[in-house]
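See structure below.
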There are 2 protein chains.
Amino acid sequence: MSNIIDLMKTGVRSPATEAWVLMRDIAIVNKARVFAIASEFELYPAQVHALYTLAPGEEMPMSSLAATLHCDNSNVTGIVDRLEARGLIERRSSPSDRRVKLIALTPEGEAMRERMRERLDTPPPEIESLSRADQRALRDLLRRARGDDD
Amino acid sequence: MSNIIDLMKTGVRSPATEAWVLMRDIAIVNKARVFAIASEFELYPAQVHALYTLAPGEEMPMSSLAATLHCDNSNVTGIVDRLEARGLIERRSSPSDRRVKLIALTPEGEAMRERMRERLDTPPPEIESLSRADQRALRDLLRRARGDDD
DNA sequence: TATTGTTATACTCTATAACTATA
DNA sequence: TATAGTTATAGAGTATAACAATA
């Protein structure tokens with residue numbers, strides 16, 4: 001177990017560090033899910049992220065999509081090309097700036113995104129296994145962590 | 001199931017689902033960090049993951065590495081090739097099964113992995129901003145979620 | 001026969017640079 | 001001059017299939 005080796009090297013972890021490492025380990029299931037969903041829908045992980053990033057009924061400039069996906073504008077051209085060829089999204093011209101192209105989900109894209117979202121948002125077994133009281137306590141702690149006003 | 005869908009569409013989520021979505025949103029910073037670290041060390045994200053997966057002083061079959069990285073054995077050949085060319089890992093023959101090749105970190109690989117690990121394990125601001133009591137409470141909840149006996 | 005890792009192939013992802021059309 | 005998106009290029013990731021060595 002690499003955790004034990006790391007602990008011996010670094011000594012005892014702070015509660016914040018241990019909480020973060022535990023959280024990250026649990027959240028890893030999300031990566032496995034993106035892979036499974038991508039293969040099921042015959043997409044690539046980057047295409048799943050792009051589809052999930054687009055909000056139903058809203059338009060987003062390609063540059064914003066590039067920022068969210070942590071990649072260059074030039075990559076987004078290809079990703080959008082393939083999603084558009086599948087009929088899942090469409091390009092629209094921006095009325096305010098004709099250099100800009102706005103991306104939006106088609107009805108088919110919205111339907112596929114919704115099916116993906118259901119799966120992605122389902123809590124993993126680790127969270128389901130907690131008592132209802134613990135689930136609420138965890139939610140409240142994470143709301144505070146994100147700075148929400150309870 | 002349509003109950004859950006209706007709930008989600010109206011914005012009302014179960015505590016478990018909301019906790020999971022919040023946790024995932026916070027854990028997203030890890031992805032940005034992997035990208036930043038990859039570019040800083042002149043590696044690709046998959047190479048960072050491979051390096052981080054290997055525990056110092058331990059050997060791992062290539063097939064195990066493939067399973068952890070969620071990719072095919074054939075991909076690991078190339079990833080391992082490039083990390084080996086950089087002197088960060090090495091292939092060893094398994095004494096018990098001569099089909100198997102075991103991967104292990106070199107001293108240089110261990111040093112680089114340790115520098116990466118320090119950065120990856122640093123809690124994000126969301127967790128640092130919590131009170132010490134909340135940090136401990138979060139840690140304890142996540143330990144229970146993962147099934148650790150406190 | 002089945003499995004581990006490699007090779008070959010084809011496609012996607014990714015960054016960089018050069019290009020266009022706008023602003 | 002600067003910016004949004006495209007195109008071209010090159011290298012890396014990914015799955016599938018075929019293969020050699022080994023079990």
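Letters A, B, ... mirror the listed sequences (proteins, then strands); counts begin at 1.
Relative to the ring axis of A:Tyr52, A:Arg113 places its NZ or CZ within 45° and under 6.0 Å from the centre.
You'll find the side chain of A:Leu88 stays beyond 4.5 Å of the side chain of A:Gln47, heavy atoms only. A heavy-atom distance below 4.5 Å is not found between the side chains of A:Val100 and A:Met62.
Of the listed nucleotides (C:dT6, D:dT14, D:dA4), D:dT14 has the atom at the smallest distance from the side chain of B:Ile79. Comparing D:dA17, C:dG5, C:dT16 by their closest approach to the side chain of B:Val100 singles out C:dG5.
Considering all non-hydrogen atoms of both residues, A:Ala46 and A:Ile79 come closest at CB-CD1, 4.1 Å. The two residues A:Met116 and A:Phe41 have their closest heavy-atom pair at CG-CE1, 4.0 Å.
Taking atom CG on B:Asn75 and atom P on C:dG5, their separation rounds to 13 Å, with Å as the unit.
Taking side-chain N and O atoms only, B:Arg82 has no distance below 4.0 Å to OP1 or OP2 of D:dG11. Contact annotation: A:Arg91 reaches the phosphate of D:dT6 (side-chain N/O to OP1 or OP2, under 4.0 Å).
Side-chain polar atoms of B:Thr17 and B:Ser14 form a donor-acceptor pair below 3.5 angstrom.
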Is there any protein nitrogen or oxygen under 3.5 Å from a nitrogen or oxygen in nucleotides 18-23 of chain C, and what are the pairs?
unit_1: C:dA23; atom_1: OP1; unit_2: A:Arg98; atom_2: N; d: 3.2

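Mapping B:Lys101 and A:Ala46 onto DNA chain C by nearest heavy atom places B:Lys101 at the nucleotide closer to the 5' end. Nucleotides of DNA chain D nearest to A:Gly78 and B:Gln47 differ in position, and the one nearer the 5' end is that of A:Gly78. Comparing B:Asn73 and B:Tyr44 along DNA chain C, the residue whose closest nucleotide (by nearest heavy atom) sits nearer the 5' end is B:Asn73. Across the interface with DNA chain D, nearest-nucleotide mapping of A:Pro61 and B:Asp72 shows A:Pro61 to be the residue nearer the 5′ end.
Judged by atom type and distance alone, A:Ser63 does not reach the base of D:dT3 through any side-chain donor-acceptor pair under 3.5 Å. No donor-acceptor contact under 3.5 Å links the side chain of B:Thr77 to the base of C:dT7.
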